[in-house]
Student: 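Dropping the structure in here first, questions after.
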Amino acid sequence: MTDVAVRFLGGPLDGATASVRATRAGRPPDLFTVDADVLGGGTGGIHDYRVATAPHGAPWQYEYIGIRRG
């Protein structure tokens, strides 16, 4: 397995970059979730990000979808 670099757009991770495990197709998973309590939100929810098309040659990007009850 390999990792790919992703950049987060919007939400609590805005501007952050991270490495995530790539799928067999060599891309990040379609959905990335983060427990709000881990980020210090204390809301008991889950932040959702979806993979977005990155500009040619740029790292993959995740767009913030919103928070849902966890």
Side-chain angles (χ1 to χ4, degrees):
M1 294 243 156
T2 185
D3 290 349
V4 293
V6 295
R7 182 169 184 254
F8 292 88
L9 303 172
L13 297 178
D14 187 43
T17 57
S19 291
V20 297
R21 186 76 53 188
T23 65
R24 290 182 187 213
R27 56 179 280 148
D30 290 337
L31 185 66
F32 185 86
T33 60
V34 181
D35 188 328
D37 292 335
V38 171
L39 297 176
T43 61
I46 296 173
H47 293 283
D48 288 328
Y49 287 85
R50 71 172 165 231
V51 74
T53 304
H56 182 68
W60 287 97
Q61 298 178 8
Y62 274 117
E63 293 177 321
Y64 188 63
I65 299 171
I67 191 168
R68 61 184 160 96
R69 289 192 173 261

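Basis for what follows: all heavy atoms, side chains included, without hydrogens, waters or symmetry-related copies.
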Student: So which heavy atom on A5 is nearest to which on P59, and how close?
Tutor: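 Closest approach of A5 to P59, heavy atoms only: O-CB, 3.9 Å.
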Student: Once side chain to side chain donor-acceptor pair (under 3.5 Å) is applied, do any residues pair with D30, and if so which ones, sequence neighbours excluded?
Tutor: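 Side chain to side chain donor-acceptor pair (under 3.5 Å) check on D30 returns R27.
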Student: Other hydrophobic cluster members with I65, side-chain heavy atoms of Ile/Leu/Val/Met/Phe/Trp/Tyr under 4.5 Å, chained?
Tutor: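 Via sub-4.5 Å side-chain contacts, I65 links to L31.
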Student: Any idea which heavy atoms bring W60 and A52 closest together, and the distance?
Tutor: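 Scanning both residues completely, I find the closest heavy atoms to be CE3-O, 4.0 Å.
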Student: Which heavy atom in Y62 sits nearest to a heavy atom in V51, and how many Å separate them?
Tutor: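 Residues Y62 and V51, closest heavy atoms: CD2-N, 3.4 Å.
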Student: Can you tell me how far apart CG (D35) and NE2 (H47) are? Round to the nearest 0.5 Å.
Tutor: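 Going from CG on D35 over to NE2 on H47, the span is 8.5 Å.
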Student: How close do V4 and G26 get, heavy atom to heavy atom, and via which atoms?
Tutor: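 Nearest pair, atom of V4 first, then G26: CG1-O, 3.7 Å.
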Student: Same cluster or not: are L13 and L9 linked, directly or through other Ile, Leu, Val, Met, Phe, Trp or Tyr residues, by side-chain heavy atoms under 4.5 angstrom apart?
Tutor: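 No, because L13 and L9 fall into different hydrophobic clusters, even though each may have its own neighbours under 4.5 Å.
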Student: Quick one: does P29's side chain get under 4.5 Å of Y49's, heavy atoms only?
Tutor: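 P29 does not reach Y49 side chain to side chain.
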Student: Is there a side-chain contact between D14 and Y64, using heavy atoms and a 4.5 Å cut-off?
Tutor: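 Counting from C-beta outward, D14 and Y64 never come under 4.5 Å.
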